[in-house]
Amino acid sequence: MSLSAIAHTAVGSGLSDASRNTLASDYQSFLNLLVAQVSNQDPLEPMESSQFVSQLAQLTQVEQSVQVNTQMEALRRQLSLNAALSETALIGREVTVPSETFSLDEDGARFAYELGTAAETVQLQIRDASGALVAVIDQPAGEAGARREVSWDGMTSGGLRAENGRYGISVAAITASGEAGSYQTYSAGKVVAIDYNGGSTWLQLADGTRVSSGDIIGAR
């Protein structure tokens, strides 16, 4: 096996355990071959010094690649552990994430919205699972980029208390020019458990939904 082939194996941002073991094995194999070559060379035709130095340089490069990848893997695992430990502190806290739905319970519901463009009129529309309009909440004119929190007691437009469960939220925002404005809605929920799956961290909320830890924009 040539040293250049071994060096090529080390190129890349990271190695799997199998690749790393192969690289280490190839490194040791080449080292043994180099020692054997030097020990058994013809005294009358010894290896040229430039060739020997070149092979040693490549050997050093491979050795450093093995060490760097091992250290990077250890660092990655430590960072993952630190992130996992820090996220357990979210259990019992309320987190806010981007969402087009929210949960209504006996205490009512809280959600938020953020306008993408300034709007003269803003109206929140709450719909049930079937898509039927349940309630409409008028909001004041708003500027772009300002997130506004909203509380809903669960009372419908017909004056009845809506059943507990999941509801959809949308925003009818009209700009000064009469065009529909863009927006982003958010919901809040209490974290009850942390789930680590496939290298990702998922938060289990009290209402049964799962959200990615990377989507959290706030916690309290």
Side-chain angles (χ1 to χ4, degrees), residues 75-119 121-174 180-220:
L75 178 59
R76 185 192 67 80
R77 291 177 179 175
Q78 185 60 47
L79 291 175
S80 297
L81 176 60
N82 290 343
L85 292 175
S86 65
E87 284 160 347
T88 58
L90 292 173
I91 295 178
R93 300 181 64 182
E94 185 180 79
V95 297
T96 300
V97 295
S99 177
E100 296 179 347
T101 63
F102 64 91
S103 290
L104 174 68
D105 58 25
E106 59 275 5
D107 296 323
R110 288 196 318 103
F111 49 85
Y113 68 93
E114 181 179 315
L115 299 177
T117 53
T121 61
V122 179
Q123 187 182 76
L124 307 184
Q125 300 177 347
I126 300 174
R127 300 179 184 275
D128 61 18
S130 68
L133 186 63
V134 173
V136 173
I137 305 175
D138 291 323
Q139 294 286 289
E143 296 297 326
R147 189 164 67 248
R148 182 183 295 271
E149 292 190 357
V150 180
S151 295
W152 181 47
D153 58 8
M155 297 303 295
T156 69
S157 298
L160 302 176
R161 177 59 159 79
E163 297 182 357
N164 293 345
R166 298 292 292 181
Y167 289 84
I169 177 68
S170 60
V171 181
I174 306 300
S182 59
Y183 64 89
Q184 173 65 61
T185 53
Y186 305 87
S187 67
K190 181 176 291 186
V191 179
V192 296
I194 307 292
D195 180 27
Y196 305 105
N197 188 0
S200 299
T201 303
W202 296 88
L203 309 181
Q204 183 77 33
L205 304 185
D207 62 6
T209 58
R210 294 171 73 245
V211 298
S212 170
S213 62
D215 290 336
I216 295 175
I217 64 168
R220 63 180 182 181

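For the pair Leu115 and Ala119, the tightest heavy-atom approach, listed with the atom from each and the gap, is CD1-CB, 3.9 Å. In plain terms, the two heavy atoms of Ser99 and Gln184 that are nearest each other are N-NE2, 4.1 Å. Shortest non-hydrogen contact noted between Ser157 and Ala135 is OG-CA, 3.3 Å. Among all heavy-atom pairs drawn from Ala162 and Trp152, the shortest one is CB-CH2, 4.0 Å.
Residues Asp128 and Tyr167 have side chains in contact (heavy-atom distance under 4.5 Å, counting atoms from C-beta outward). Arg93 is not listed as a side-chain neighbour of Lys190, based on a closest heavy-atom distance of 4.5 Å or more. Considering only heavy atoms from C-beta on, Phe111 comes within 4.5 Å of Leu124 through its side chain. Residues Ser212 and Trp202 have side chains in contact (heavy-atom distance under 4.5 Å, counting atoms from C-beta outward). Side-chain contact between Asp207 and Asp105 is absent, with no heavy-atom pair separated by less than 4.5 Å. The side-chain heavy atoms of Leu205 and Val192, taken from C-beta on, include no pair separated by under 4.5 Å. For the pair Arg161/Leu104, a side-chain contact is recorded, criterion being any heavy-atom separation below 4.5 Å from C-beta on. Between Thr185 and Phe102, every side-chain heavy-atom pair lies at or beyond the 4.5 Å cut-off.
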Practice item. For Thr101 and Thr209, run side chain to side chain contact (heavy atoms under 4.5 Å, CB included): C-alpha distance rounded to whole Å, both residues' side-chain angles, the deciding distance at 0.1 Å, then the answer. Key: CA-CA 10 Å; Thr101 63; Thr209 58; 6.0 Å; no
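For CD of Glu100, the number of neighbouring non-hydrogen atoms (other residues, nucleotides, ligands) closer than 6.0 Å is 12 at most.
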Expected list for residues 137-151: side-chain donor-acceptor pairs under 3.5 angstrom, two or more places apart:
residue	atom	partner	partner atom	Å
Asp138	OD1	Gln123	NE2	3.4
Gln139	OE1	Tyr113	OH	3.1
Arg148	NE	Tyr113	OH	3.3
Glu149	OE1	Arg110	NH1	3.3

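Rounded to the nearest 0.5 angstrom, Asp153 CG and Asp107 CG are separated by 12.0 Å. For the atom pair CD1 (Ile91) and CD1 (Ile194), the distance works out to 5.0 Å, reported to the nearest 0.5 Å. With rounding to the nearest 0.5 angstrom, the CD1 atom of Ile217 is 9.5 Å from the CG atom of Asp215. Distance check, rounded to the nearest 0.5 Å: CZ of Arg220 to CG of Leu90 gives 14.5 Å.
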